[in-house]
Amino acid sequence: MKDVTDTADGLAQWRVGVDSGGTFTDICLFDETSGKMDVWKVSSTPDDPSRGIACGVEEAMRECAGAETDPAAAVAYLGHGTTVATNALITHRGARVGLLTTAGFRDLLEIGRQKRPDLYDIFADKPQTLVPRALRFEVPERLLHDGSVETALDEDAVRRAGAGLRAAGVEAVAICFLYAFVNPAHEQRARAILEQELPGVFLCASHEIAPEFREFERLSTATVNAYLGPIMQRYIRRLTPRLDNLGLTVPPHLTQSNGGVVRFEVAAETPVRAVLSGPSTGVVAAQVIGAAAGAPDIITFDMGGTSSDVALMAGGQTARTHESQVHGYPIKAPMLDIHTVGAGGGSIARIDAGGLLKVGPDSAGADPGPVCYGRGGAEPTVTDANIVLQVLNPTHLLGGRMEVRRDLALAAIDRMAERLGMDTMATAQGIISVVTANMAKAIRVISVQRGHDPRAYALMAFGGAGPLHAVRLAQELGMPRVLIPRTPGTLCAMGLLLTDLRAEFPLTRLMPLEEASLAEIGAAAAAVTAEAEGWFAAEEIAADKRGLTRRVDMRYEGQNYELSIDLPAGPVTSETLAALRQGFTEAHRRMYGFAVEQERIFCVTFRAEAVGLVQKAELPRAALGPEAADRAIIGARRVWYPETSCFTETTLYARDRLRPGMRFDGPAIVEQMDTTTLIPPGVSAHVDEIDNLILELGQ
């Protein structure tokens, strides 16, 4: 990794994290020299997100860093998280994709695993198939399970398929042949032919993006990658020159779903690994803050303008997965175990055909945005409800930089209340209650459904709307404590300054864990290790900044699911096999409550995770001071609470005036540039040593 310090203006010192969401773009800055950290927030530009990012970086460097001329020249590192891939997948606005597959497997993409999305929901719909049947082409070829060739690749059929795809005007093509993860020769040759037949078209071969077994999941991953490829490439091609024009002298990086970052050019080829790009860094930051605050068991709650993302962290570690479903599509890629629901500040409230109130998943976004923005929005949103209840400042947001219109929001909710036959304030609170129930359901998915009691965890809330809804969500789940970081509205951007470069290299090779397989196991381990070492060299990561972890997915003979076990460093020996056997036995006993000592164990997939360590922002710690919080009071506002069923006088506090040790009770509201924190009646608050706001809900 290049250590870039010299710029045209002298010493580069600022590390910058940029998180681009559907409503706002957040910027976090860290001065490597002084340790100073600052944040900035601007409206996103959905028509061209790169414009909002470039303008936001320029504004932040001038307003926060004091860089009046050539602001980006003082940037030593720029990390970026984006929801471009996620939003394209959610809204089905990806590229026009074709598929090339083994003869007889044309409909696998549609057949899948023949599982219903929800077993007992008779109205449940399967996700939209990303490749229409007319664009799915079969070619004669066949490999056996050991990679040997049964039927040679029909190259003329590949050329005919290329001609058909060209005539159909596809922007991308996914190539997925049977057993290509064992022997990629047919996929490689088919790709070479399509490069000639389809110049300029994005091509993705399954062995490049997911060299693992399970045919349908590998096919789905390659298809999603192709579907998102042209979208991500266009996005990066727009953003890169804008950053260059600012004077950026270092290569920018994009965060991946696993919480690590990679260079822009790598991200452009593997967008499927960035479908959780935005929320993953928030979880990384939450992990660091939770450890520093002495709260290793937390559930993270990141609520933005379009969606809410939740994750469970037990013992200070967030669960990771190598295979997950993202918006209904199976994806084999390393990612943090994050669950997303369409519930954000911009989520639109509607009355359904049965006369019931529904909230989301549709969002008003940044343009036109909620009704209170005064940009033409007509349907009330969660933000409008909070403005009407006066939980949010009824005149302005972003520390006064953005005016809002309560009268417009009130009129919109009045119309909805009339249709429902309800009081206006009860309708506004109803919108809040419905969206809270939606978010509580998401948290139950990652906690109760996996054997975790949310009442044993603290809720860490961040995102622009997280602190606003955190207490209501915790009350719904019976959680006793809420933790609000110092800059919750920009925590995902801050996470970009706390994460490392990270990449993972898998290889499926099915073999028994026995002495007879020692050479094969050693070869597989060496292969993924060599890929990781090649990545280190390509990223120019110094030897003392490298971290390498190897694991093997293992199972008993006849099992369908694997457990991932640490593979000891060094060459594979008989002692290595014994360590793997012991590790698997212990893991199986922890997971399932038993282990079968004499049963055959199989190695399935070998993995190497490479980490390039970077300098990180550090959290300052201060001694606790006086408990009185009077000096932080900036006024009062009448707020409508369901506890009182009326407007109640509520004390307003400025977050930048709160100091470690200060305590106060609700009803109260804490305002800051990037978010608002609601503290209802009966809830107490205090500030800890690292400036977290801790809310105690009691029993």
Side-chain angles (χ1 to χ4, degrees), residues 81 86 255-260 275-304 307-327 331 333-344 435-463 465-467 469-485 488 491-492 494-495 498-499 502 561 563-564 587 590-592 692 694-695 697:
T86 310
T255 186
Q256 300 183 103
S257 302
N258 64 1
V275 290
L276 297 179
S277 170
S280 67
T281 48
V283 174
V284 170
Q287 185 168 308
V288 173
I289 293 171
D297 298 326
I298 62 176
I299 292 175
T300 66
F301 167 49
D302 176 8
M303 184 178 182
S307 61
S308 293
D309 306 296
V310 297
L312 185 139
M313 192 179 304
Q317 295 296 319
T318 305
R320 295 176 181 269
T321 180
H322 302 292
E323 182 180 322
S324 184
Q325 285 209 2
V326 180
H327 306 294
I331 291 176
M335 60 183 71
L336 298 177
D337 195 2
I338 299 172
H339 186 68
T340 302
V341 63
V435 78
T436 300
N438 293 343
M439 296 181 295
K441 182 179 179 181
I443 286 182
R444 291 189 180 101
V445 168
I446 63 162
S447 58
V448 177
Q449 292 186 18
R450 299 178 186 177
H452 299 276
D453 186 347
R455 295 172 296 182
Y457 290 76
L459 183 69
M460 182 181 291
F462 50 96
H469 295 264
V471 170
R472 298 302 184 201
L473 182 56
Q475 289 171 335
E476 179 85 7
L477 294 162
M479 301 176 72
R481 177 178 295 180
V482 173
L483 191 152
I484 313 290
L491 197 72
C492 287
M494 177 183 172
L498 298 170
T499 190
R502 191 181 299 269
Y561 298 96
L563 296 175
S564 194
R590 282 195 305 270
M591 177 65 70
Y592 300 110
N692 292 313
I694 311 296
L695 310 183
L697 280 66

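When reading the values below, keep in mind they use all heavy atoms of this one structure, side chains included, and skip hydrogens, waters and symmetry mates.
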L459 CG to Q475 CD distance, which is reported to the nearest 0.5 Å: 11.5 Å
Would you indicate whether Y592, at its atom OH, is surrounded by more than 12 heavy atoms from other residues, nucleotides or ligands within a distance under 6.0 Å? yes
Check whether any side-chain N or O of S257 sits under 3.5 Å from a backbone N or O of L276 as a donor-acceptor pair, and report yes or no. yes
Could you tell me whether the side chain of R481 and the main chain of I694 form a donor-acceptor pair under 3.5 Å? no
Roughly how far, to the nearest 0.5 Å, is the CG atom of L498 from the CD atom of Q287? 10.5 Å
How many angstroms lie between atom OG of S324 and atom CG of L336, to the nearest 0.5 angstrom? 11.0 Å
Measure the CD1-CE distance between I484 and M460 for me, rounded to the nearest 0.5 Å. 9.0 Å
Less than 4.5 Å apart, side chain to side chain, heavy atoms only: is that true for V326 and M335? yes
Please check this pair: side chain of D297 against backbone of G315, looking for a donor-acceptor N/O pair closer than 3.5 Å. yes
Do you know the tightest heavy-atom contact between F462 and V283? CZ-N, 4.3 Å
Nearest heavy atoms of G282 and L491, plus distance in Å: O-CD2, 4.0 Å
Closest non-hydrogen atom pair between R320 and N258, with its separation: NH1-O, 2.8 Å
M479 to L697 - nearest heavy-atom pair and separation: O-CD2, 3.5 Å
Nearest 0.5 Å please: distance from the OG1 atom of T436 over to the CE atom of M439. 4.5 Å
Measuring only between side-chain heavy atoms, which start at C-beta, is I298 closer than 4.5 Å to L483? no
Kindly indicate, with the supporting measurements, whether the criterion side chain to side chain contact (heavy atoms under 4.5 Å, CB included) is fulfilled by L312 and H339. CA-CA 9 Å; L312 185 139; H339 186 68; over 6 Å; no
Nearest 0.5 Å, what's the NZ-CD distance between K441 and E476? 13.0 Å
So does Q256 get a backbone contact from the side chain of S280, meaning a donor-acceptor N/O pair under 3.5 Å? yes
Looking only at heavy atoms, what is the nearest atom pair of A286 and M313, with distance? C-CE, 4.1 Å
Is it the case that the side chain of S277 and the backbone of T255 share a donor-acceptor pair, with hydrogens and angles ignored and the cut-off at 3.5 Å? yes
Under 3.5 Å, is there a donor-acceptor pair between the side chain of T300 and the main chain of A311? yes
So which atom in N692 and which in A293 form the shortest heavy-atom distance, rounded to 0.1 Å? ND2-CB, 3.6 Å
